[in-house]
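Data block below; observations after.
Numbers restart at 1 for each chain; the letters A, B, ... are given by sequence-line order, proteins then strands.
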Protein chains: 2
Amino acid sequence: MSLPHALLGLLSYRPATGYELKAAFEQSIHFFWNATLPQIYRTLNQMRERGWVAVTVEHQEGRPSRKVYRVTEAGREELRHWLAAPPEIPQPRDPLLVKVFFGRQADPAVLAAHLKMWRAHYAGLLRRYEEEIAPLIHHYAALTGASEDARYWSLTLEFGRRFARMAVDWCDAALAAVTQEGKVHG
Amino acid sequence: MSLPHALLGLLSYRPATGYELKAAFEQSIHFFWNATLPQIYRTLNQMRERGWVAVTVEHQEGRPSRKVYRVTEAGREELRHWLAAPPEIPQPRDPLLVKVFFGRQADPAVLAAHLKMWRAHYAGLLRRYEEEIAPLIHHYAALTGASEDARYWSLTLEFGRRFARMAVDWCDAALAAVTQEGKVHG
DNA sequence: ATATAATATGTGCATAGTTATATATTTAAC
DNA sequence: GTTAAATATATAACTATGCACATATTATAT
């Protein structure tokens with residue numbers, strides 16, 4: 001499981017609350033590992049129990065207290081250890097491909113609509129990478145001490161770009177194959 | 001969730017036991033939706049409770065009985081209904097990308113080893129697609145009534161091919177970036 | 001004034017998925 | 001002859017994830 005270690009990684013940049021970690025997730029890890037807020041809060045509790053993070057409660061009059069988490073030395077050691085362990089190969093799970101696989105039993109028009117929706121999603125992602133994420137990495141790269149990290153962030157962005165481009169291209173090919181159905185070629 | 005519907009789809013080709021379904025999975029759905037044996041057995045039970053499948057117990061003297069599942073008309077209706085519903089967009093989860101993202105804190109040599117292992121996996125998949133899966137689709141396409149289905153199976157195979165190729169290419173680029181670390185160009 | 005969004009932290013329940021274990025038979029390898 | 005692998009069916013326990021809900025404050029928009 002990567003979630004506790006992804007949180008350790010984010011906290012290694014700076015201490016943060018669970019809410020702030022969720023926001024940081026949305027701009028980065030989110031594209032290759034997802035997490036909901038309840039999951040983040042629960043995982044932070046487990047990490048505290050294991051001594052990987054320490055909590056400082058910032059009391060504020062009349063407002064809910066902020067729980068600021070920071071990595072302990074044990075946490076940094078755990079992160080280094082996890083980074084050195086060979087990564088698990090991901091198990092792909094894509095409902096669209098299941099629907100395409102049994103596509104003969106579906107209405108070709110409906111299948112084409114699914115493919116178009118899917119294509120639009122990845123085309124949108126591609127735009128978001130260029131317009132939002134790439135500039136964001138540039139911005140953080142300009143900060144002191146972050147330029148080295150930015151090189152690695154860019155590698156994951158490049159993966160996202162290539163995947164999205166591949167998805168869009170495959171979709172076009174699949175759409176051509178699905179809509180061509182029944183036409184005669186000579 | 002796609003598992004019950006993937007099982008309905010496989011059973012729509014022919015009745016089968018849980019064990020046979022697992023074997024069929026390994027050669028097809030497996031590449032875009034995974035399932036373990038216990039999960040398949042439990043899901044089949046749920047499907048039976050919902051009336052999507054019917055069971056025939058084949059008693060054999062001195063041998064464990066085979067439970068053969070077949071789709072009911074309600075099951076076929078459910079499959080058609082599911083195929084027409086818009087597919088969920090998959091949430092990618094890839095531990096390697098998390099490790100690359102925080103790669104600055106890792107030993108570059110270890111990170112390179114991870115990337116090489118990952119590359120080897122997708123290069124192997126690519127070979128398997130050509131040598132095992134493509135001929136298999138050809139074989140089933142030759143059977144009466146399966147040629148129409150084979151066109152859709154091929155679309156999912158093509159996705160696998162493109163993904164694996166993209167993964168290998170990205171890996172080469174990432175390896176170059178990671179091992180180039182610290183070298184001076186001029 | 002009112003509503004909504006954002007900040008901030010969680011609990012409870014349900015679903016989904018993995019690993020370990022148990023049982024029993026047949027077939028192939030050594 | 002013995003062992004291991006494949007066939008065949010599961011249950012129990014555990015982990016992970018997701019969705020709905022509860023609570024409270026502050027800032028912004030209408």
Side-chain angles (χ1 to χ4, degrees), chain A residues 1-8 10-11 15-27 29-30 32-50 53 55-69 82 88-95 98, chain B residues 1-7 10-11 15-27 29-30 32-50 53 55-70 82 88-95 98:
Chain A
M1 220 252 304
S2 300
L3 182 55
H5 301 96
L7 293 174
L8 280 178
L10 288 178
L11 288 173
T17 68
Y19 195 83
E20 286 165 348
L21 284 168
K22 172 64 175 167
F25 238 79
E26 294 301 315
Q27 293 182 333
I29 315 288
H30 167 70
F32 40 88
W33 199 280
N34 200 34
T36 58
L37 251 183
Q39 216 188 335
I40 287 173
Y41 283 121
R42 257 191 292 243
T43 304
L44 283 169
N45 275 330
Q46 288 162 12
M47 291 161 72
R48 193 188 46 196
E49 281 164 26
R50 288 175 196 188
V53 292
V55 196
T56 319
V57 181
E58 292 185 3
H59 285 292
Q60 284 157 297
E61 302 155 43
R63 291 175 56 173
S65 312
R66 278 164 52 91
K67 283 192 179 178
V68 180
Y69 291 85
W82 180 80
E88 295 152 60
I89 299 293
Q91 301 291 317
R93 286 174 195 279
D94 196 324
V98 181
Chain B
M1 222 253 303
S2 300
L3 182 54
H5 301 95
L7 294 173
L10 288 177
L11 288 173
T17 67
Y19 196 84
E20 286 165 348
L21 283 168
K22 172 64 175 168
F25 239 78
E26 294 301 316
Q27 294 183 333
I29 316 287
H30 167 71
F32 39 89
W33 198 280
N34 200 35
T36 57
L37 251 184
Q39 217 186 335
I40 288 173
Y41 283 120
R42 244 180 316 150
T43 304
L44 283 170
N45 275 330
Q46 289 162 11
M47 290 161 73
R48 193 187 45 195
E49 282 164 25
R50 287 174 197 190
V53 292
V55 195
T56 320
V57 182
E58 292 184 5
H59 286 292
Q60 284 158 296
E61 302 154 40
R63 292 176 55 174
S65 312
R66 281 164 48 90
K67 283 192 180 177
V68 180
Y69 293 85
R70 61 198 77 228
W82 180 80
E88 296 152 59
I89 299 293
Q91 302 290 318
R93 288 177 193 276
D94 196 324
V98 181

- Message: Could you work out how much the helix from C:dA1-D:dT30 to C:dC30-D:dG1 bends, comparing the axis of its first five pairs with that of its last five, to 10°?
- Response: 30°

- Query: Looking across every strand, which nucleic acid part, if any, lies under 4.0 Å from B:Leu3 by heavy atom: base, sugar-phosphate, or nothing?
  - Reply: nothing

- Got a sec, which residues hit side-chain contact (heavy atoms from CB on, under 4.5 Å) with A:Lys67, two or more places apart in sequence or on another chain? A:Arg48, A:Val55, A:Val57, A:Tyr69

- Task: Please name all residues satisfying ring-ring contact (aromatic ring centres under 6.0 Å, His included) with B:Trp33, sequence neighbours left out, ordered by chain then number.
- Result: none

- For A:Ser2 and for B:Lys67, find the nucleotide of DNA chain D with the closest heavy atom, then tell me which residue's nucleotide is more 5'. B:Lys67

Using nucleotides 18-20 of chain D, report all nitrogen or oxygen pairs with the protein that are shorter than 3.5 Å.
| residue | atom | partner | partner atom | Å |
| --- | --- | --- | --- | --- |
| D:dG18 | OP1 | B:Arg93 | NH2 | 2.9 |
| D:dG18 | OP2 | A:Gln39 | OE1 | 3.3 |
| D:dG18 | OP2 | B:Arg93 | NH2 | 3.3 |
| D:dG18 | O6 | A:Arg42 | NH2 | 2.7 |

- Message: Strictly below 4.0 Å: does B:Tyr19 bring a side-chain N or O up to OP1 or OP2 of D:dT7?
- Response: yes

- Residue set satisfying side chain to side chain donor-acceptor pair (under 3.5 Å) with B:Arg70, at least two apart, ordered chain then number -> B:Thr56

- Note on the structure: Sequence neighbours excluded, the answer for side-chain contact (heavy atoms from CB on, under 4.5 Å) partners of B:Gln46 is none

- Task: Tell me, please, which residues at least two apart from A:Glu88 pass side-chain contact (heavy atoms from CB on, under 4.5 Å).
- Result: B:Pro95

- Under the side-chain contact (heavy atoms from CB on, under 4.5 Å) test, which residues partner B:Gln39, sequence neighbours left out? B:Leu3, B:Ala35, B:Thr36

- Query: Under the side chain to side chain donor-acceptor pair (under 3.5 Å) test, which residues partner A:Gln27, sequence neighbours left out?
  - Reply: none

